[in-house]
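Note: hydrogens, waters and symmetry copies are ignored here, and every other heavy atom, side chains too, is used. Whatever order the structure lists them in is the order used to number ligands and atoms, beginning at 1. As the structure is a prediction and not an experimental result, all values here were calculated from the model.
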Amino acid sequence: MAERKIIAVVGATGAQGGGLVQAILADRDGGFTVRALTRDPASKGARALADRGAEVVRADVDDPASLRDAFRGAHGVFCVTFFWAHLSPEKEMAEASEMAEAARDAGVRHAIWSTLEDTRKWVPLSDPRMPTLKGKYKVPHFDGKGESDRFFAEANVPTTYLLTSFYWDNFIHFGMGPKRGPDGKLAIAMPMGTAKLPGIAVEDIGACAYGIFRKGGELVGKRIGIAGEHLSGSEMAAAFTRALGEEVRYQDVTPEAYRGLGFPGADDLGNMFQFKRDFEQAFRAARSVDVARGLNPSIQTFDVWLARNKARIPLG
Ligand SMILES: NC(=O)c1ccc[n+]([C@@H]2O[C@H](COP(=O)([O-])OP(=O)(O)OC[C@H]3O[C@@H](n4cnc5c(N)ncnc54)[C@H](OP(=O)(O)O)[C@@H]3O)[C@@H](O)[C@H]2O)c1
């Protein structure tokens, strides 16, 4: 039997990387084996991956030597950064740069960089429609990733640039689930107007990444945007209503109101939704459900995802 190709996965105990680890482990005859990177191999999540057959290695993206060791000998690497752990685009860019250099030095044949748009190409800093944040960004958690694309290109790493979509899992983990208003009715609030939002079950991002590694060289140098479905706020509310058996409304709030919600990063998310709303055509055109299904034939629709996950969604 030919030797199996190692895929080193950053964020292996997390959402995107975790989905990729599961996809590789589930396909024993696929020709790939997984190396799961974690800062703590003794953690519960890391031990669970080892129990399922993953090679688990200690690595921290803020410790370049550990990253180099972890990428050595890998055929492919999956690179993702963790904006919400620190809220710093500069830190994301430094980490992306380290990952690109480590991938180059390891001579990997295929990297996937989990990226997003640099929104400043659409909304220059001089554009007053949304505030400039942190001095030089419009949507900090997008712009730092988009700006980091060049680190992979400049390092000549054979890279597929993976444009991800809004996780439907945000309704579980990110405080975006339906909330009861003063009238006792459930509503999801988003400043999307009537625009459709490309969304995806986060585990399907990892499964699509696996599809990209399987296709290999033909996707090197390409930008691949994925989504499970593009749905308006009203369409998502209707799906919630069907799944929960209780009416859920869509509440269109203004981006200004969203920016003012007061939680860390609310201004960033307000600008993000406004970008997705105001540049709906370009944003949606970059994310194809058909391409995603080609990479991952069992990709979930929102209805399927809701049926599987509704019990986990906190109803405020
Ligand atoms: N929420 C959305 O809708 C959405 C949509 C598109 C893109 N994104 C982007 O997705 C990114 C996060 O990806 P995710 O959701 O997969 O993350 P996640 O679920 O928060 O996973 C983070 C994992 O990464 C590991 N990690 C954290 N810091 C690390 C470090 N310094 N070195 C090595 N590993 C580290 C942790 O593992 P250990 O503790 O085991 O080390 C953790 O399990 C963010 O940048 C966000 O902007 C989010």
- Query: In ligand 1, which numbered atoms sit nearer than 4.0 Å to a non-hydrogen atom of F83?
  - Reply: 44 (C), 45 (O)
- Task: With heavy atoms under 4.0 Å as the rule, classify the contact between D60 and ligand 1 as side chain, backbone, both or neither.
- Result: both
- Task: Run through H141, R129, R259, K276 and flag the one making a side-chain hydrogen bond (donor to acceptor under 3.5 Å, both in side chains) with N271.
- Result: R259
- Message: Ignoring hydrogens, what is the shortest heavy-atom contact between W113 and A96? Give both atom names and the distance.
- Response: CH2-CB, 3.7 Å
- Message: Within the supplied structure, the quantity of interest is the number of heavy atoms (other residues, nucleotides, ligands) at a distance under 6.0 Å from R109 CZ; does it exceed 12?
- Response: no
- Evaluating non-hydrogen atoms only, which member of G17, S43, S165, A15 is closest to atom 18 (P) of ligand 1? A15
- Note on the structure: Closest non-hydrogen atoms of Q16 and F78, given as atom of the first, atom of the second and distance, are OE1-CZ, 3.7 Å
- Should you measure from each heavy atom of V80, which atoms of ligand 1 turn up under 4.0 Å away? 13 (O)
- Query: Between D27 and R214, does at least one N-O distance fall below 4.0 Å, as a salt bridge requires?
  - Reply: yes
- Query: Is K145 paired with D118 through a side-chain N to carboxylate O contact shorter than 4.0 Å?
  - Reply: no
- Heavy atoms only: which of F166, Y167, W168, W84 is nearest to atom 4 (C) of ligand 1? Y167
- Quick one: does F174 get a heavy atom under 4.0 Å from ligand 1? no
- Task: Over 60° means perpendicular and under 30° means parallel, so classify the ring planes of Y161 and F152, tilted if in between.
- Result: perpendicular
- Identify the protein heavy atom lying closest to atom 16 (O) of ligand 1, giving its residue, its atom name and the separation to 0.1 Å. Q16 N, 2.7 Å
- Message: Tell me whether E147 is salt-bridged to R150, with the criterion being a basic N under 4.0 Å from an acidic carboxylate O.
- Response: yes
- Query: When only distance counts, is E95 in polar contact with ligand 1, meaning an N/O pair under 3.5 Å?
  - Reply: no
- Task: Give me the ring orientation class for F171 and W305: parallel if the planes are under 30° apart, tilted from 30 to 60°, perpendicular past 60°.
- Result: tilted
- Query: Between T38 and ligand 1, which residue portion shows a heavy-atom distance shorter than 4.0 Å: side chain, backbone, both, or neither?
  - Reply: both
- Note on the structure: atom 43 (O) of ligand 1 has as its nearest protein heavy atom T13 OG1, 2.5 Å
- Item | Criterion ring pair (Phe, Tyr, Trp, His ring centres under 6.0 Å) against F302, the qualifying member of F166, F240, Y167 | F240
- Task: Please report which non-hydrogen protein atom sits nearest to atom 21 (O) of ligand 1, along with the residue it belongs to and the distance in Å to one decimal place.
- Result: G14 CA, 3.2 Å
- Query: M176 and I188: which non-hydrogen atoms are nearest, and at how many Å?
  - Reply: O-CG2, 4.2 Å
- Item | Closest approach of any protein heavy atom to atom 39 (O) of ligand 1, naming residue and atom | R39 NH2, 2.9 Å
- Message: Can you report which non-hydrogen protein atom sits closest to atom 45 (O) of ligand 1, along with the distance?
- Response: T81 O, 2.7 Å
- Note on the structure: Near H141 (heavy-atom distance under 4.0 Å), the atoms of ligand 1 are 47 (O)
- Message: Apply side-chain contact (heavy atoms from CB on, under 4.5 Å) to residues L37 and R35 and explain how you reach the verdict.
- Response: CA-CA 6 Å; L37 276 57; R35 180 180 293 163; 4.2 Å; yes
- Message: Within ligand 1, which atoms have a heavy atom of N170 less than 4.0 Å away?
- Response: 1 (N), 2 (C), 3 (O)
- A59 to ligand 1, any heavy atom closer than 4.0 Å: yes
- Message: Checking the N or O distance criterion of under 3.5 Å, is ligand 1 in contact with G11?
- Response: no
- Item | Protein contact of atom 7 (C) of ligand 1 - nearest heavy atom, named by residue and atom, plus distance | T164 OG1, 3.4 Å
- Task: Within a distance under 4.0 Å of any heavy atom of E92, pick out the atoms of ligand 1 and give their elements.
- Result: 45 (O)
- Item | Check ion pair R39-D60 (N to O, under 4.0 angstrom) | no
- Query: Looking only at protein heavy atoms, which one is nearest to atom 46 (C) of ligand 1, and how far off is it?
  - Reply: K145 NZ, 3.7 Å
- L116-ligand 1 polar pair, N/O distance under 3.5 Å: no
- Query: Does the side chain of E117 reach to within under 4.5 Å of the side chain of W122, using non-hydrogen atoms?
  - Reply: yes
- Identify the protein heavy atom lying closest to atom 20 (O) of ligand 1, giving its residue, its atom name and the separation to 0.1 Å. F82 CD2, 4.7 Å
- Query: Under 4.0 Å from any heavy atom of D62, which atoms of ligand 1 are there?
  - Reply: 31 (N)
